[in-house]
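Because the structure is a prediction, the values reported are computed rather than measured.
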Amino acid sequence: MLHKERRERFLNNKMAVIGGVIILVIVLMAVFAPLYCQDPLDVAPKIRFQAPGRQHWFGTDKYGRDLFARVIYGARVSMLTGFTVVVAAVLIGMTLGLLAGYYRKLDAVIMRICDSLKAIPSVLLAIALMAFLRAGIRNVILTLIIVNIPDIARITRSQTLVVKDQLYIEAMKAVGASPARVILHHILPNVISAVIVQVSFVFASTIITEAALSFLGQGVPAPSPSWGNILYEGKEVMHKAWWMIVFPGGFTALSVFGLNLLGDGIRDVLDPKAK
């Protein structure tokens, strides 16, 4: 009954449904891109900077490459990066947060490391880490995982501190339940809701940061398509090829918008009192 009630509450939230549809459409377009898009690396110098039209919906770039194909394949990079970063950051961040919240001795060490990382703005920290690594999708993912772990760890820790002082947790300890059992079976189910809400915002910030790194030449290297490096190529010719900025920028903004709507909807589902 509880799951049915939450599902109905989510479906009645129009903004959440719109956000979910936006993300689903972008994901499906990215996954099935090879079926309907031409090769994003195909060069055709004769049609350089061709405006959007029937043959090339988003126009072409300075090498005559189809911009629609490059934007859609760029979505594959953004979605894959976001998904990988979210999964890894949640697993590592929740583990650290649970340990910090449950064990006081570990709390000081783990939280001081997280505080040190959060003292630097996320984009600046990502740029600094990429300065020590080579540009590439793997290094971008590794960097963004490190950047997002502190947020997940701090949220998990704060929820763990609240739950572990409950009477039923004290009762479990009194009857001899092991720390692992208490954490996994009684604390984790009560803190995961807050983390689920944060996931959509981590996903959105990952898309923005990856695009920013690629725009600065520290992310996905050309000629592989990424929304960030497409924007980088477009900024030099935006006065005569506006489509080089509008379409990749529009997809980036649309993805973040959809994720934010979806995150708000999930928050409302998990917290009926939220307005």
Side-chain angles (χ1 to χ4, degrees), residues 18-41 57-59 61 65-90 122-123 125-127 129-130 133-149 151-152 198-235 243-263 266:
I18 291 173
V21 170
I22 289 173
I23 299 305
L24 179 61
V25 169
I26 293 176
V27 169
L28 291 177
M29 290 177 68
V31 169
F32 295 105
L35 299 180
Y36 64 90
C37 286
Q38 65 183 73
D39 190 336
L41 303 181
W57 294 350
F58 290 1
D61 64 8
R65 296 174 298 196
D66 183 69
L67 191 61
F68 176 76
R70 292 185 63 76
V71 169
I72 298 303
Y73 272 85
R76 304 185 92 187
V77 173
S78 295
M79 294 299 136
L80 175 62
T81 300
F83 179 78
T84 306
V85 169
V86 163
V87 171
V90 166
S122 298
V123 175
L125 177 60
I127 293 173
L129 291 173
M130 287 301 298
L133 304 169
R134 292 187 303 172
I137 186 63
R138 291 184 180 179
N139 290 336
V140 170
I141 291 174
L142 175 62
T143 295
L144 295 179
I145 290 172
I146 295 172
V147 168
N148 286 290
I149 283 175
D151 288 330
I152 302 297
Q198 184 66 17
V199 162
S200 63
F201 301 107
V202 171
F203 206 139
S205 67
T206 296
I207 291 175
I208 294 174
T209 307
E210 182 276 322
L213 290 173
S214 297
F215 182 83
L216 296 172
Q218 296 293 324
V220 179
S224 298
S226 162
W227 289 340
N229 61 32
I230 296 173
L231 285 168
Y232 176 77
E233 294 174 355
K235 73 180 179 65
W243 52 89
M244 293 283 294
I245 295 290
V246 170
F247 291 114
F251 265 75
T252 303
L254 186 62
S255 298
V256 173
F257 178 67
L259 286 167
N260 286 333
L261 291 180
L262 185 59
I266 294 174

With sequence neighbours excluded, residues passing ring pair (Phe, Tyr, Trp, His ring centres under 6.0 Å) with F203: none

Y73: ring pair (Phe, Tyr, Trp, His ring centres under 6.0 Å) partners, not counting sequence neighbours: none

What are the two closest heavy atoms between [X] and [Y], and how far apart are they?
| X | Y | result |
| --- | --- | --- |
| I207 | S255 | CD1-CB, 4.1 Å |
| I245 | G234 | CD1-C, 3.6 Å |
| P248 | I230 | CG-CG2, 3.6 Å |
| P225 | V77 | O-CG2, 3.4 Å |
| W243 | F58 | CD1-O, 3.3 Å |

So, taking the atom named [atom1] in [X] and the one named [atom2] in [Y], what distance separates them when rounded to the nearest 0.5 Å?
| X | Y | atom1 | atom2 | answer |
| --- | --- | --- | --- | --- |
| I145 | T81 | CD1 | OG1 | 10.0 Å |
| M130 | L142 | CE | CG | 9.0 Å |
| L262 | F257 | CG | CZ | 12.0 Å |
| L261 | I18 | CG | CD1 | 7.0 Å |
| L213 | I127 | CG | CD1 | 6.0 Å |
| S122 | I146 | OG | CD1 | 12.5 Å |

Residue list, salt bridge (charged side-chain N to carboxylate O under 4.0 Å, His left out) with D61, at least two apart or on another chain: R65, R70

Close side-chain approach of T209 to V147, heavy-atom, < 4.5 Å: no

Min side-chain heavy-atom separation N148-S205 under 4.5 Å: yes

Result block: side-chain N/O donor-acceptor pairs under 3.5 angstrom for residues 20-40, not counting sequence neighbours:
residue : atom : partner : partner atom : Å
Y36     : OH   : M29     : O            : 2.8
D39     : OD1  : L41     : N            : 2.9

Test side chain to side chain contact (heavy atoms under 4.5 Å, CB included) applied to F215 and N229, step by step: CA-CA 5 Å; F215 182 83; N229 61 32; over 6 Å; no

With D151 via side chain to side chain donor-acceptor pair (under 3.5 Å) - residues at least two apart: K118

Partners passing side chain to side chain donor-acceptor pair (under 3.5 Å) against T206 (at least two apart in sequence or in another chain): none

Ring geometry between F251 and W227 (parallel below 30°, tilted from 30 to 60°, perpendicular above 60°): tilted

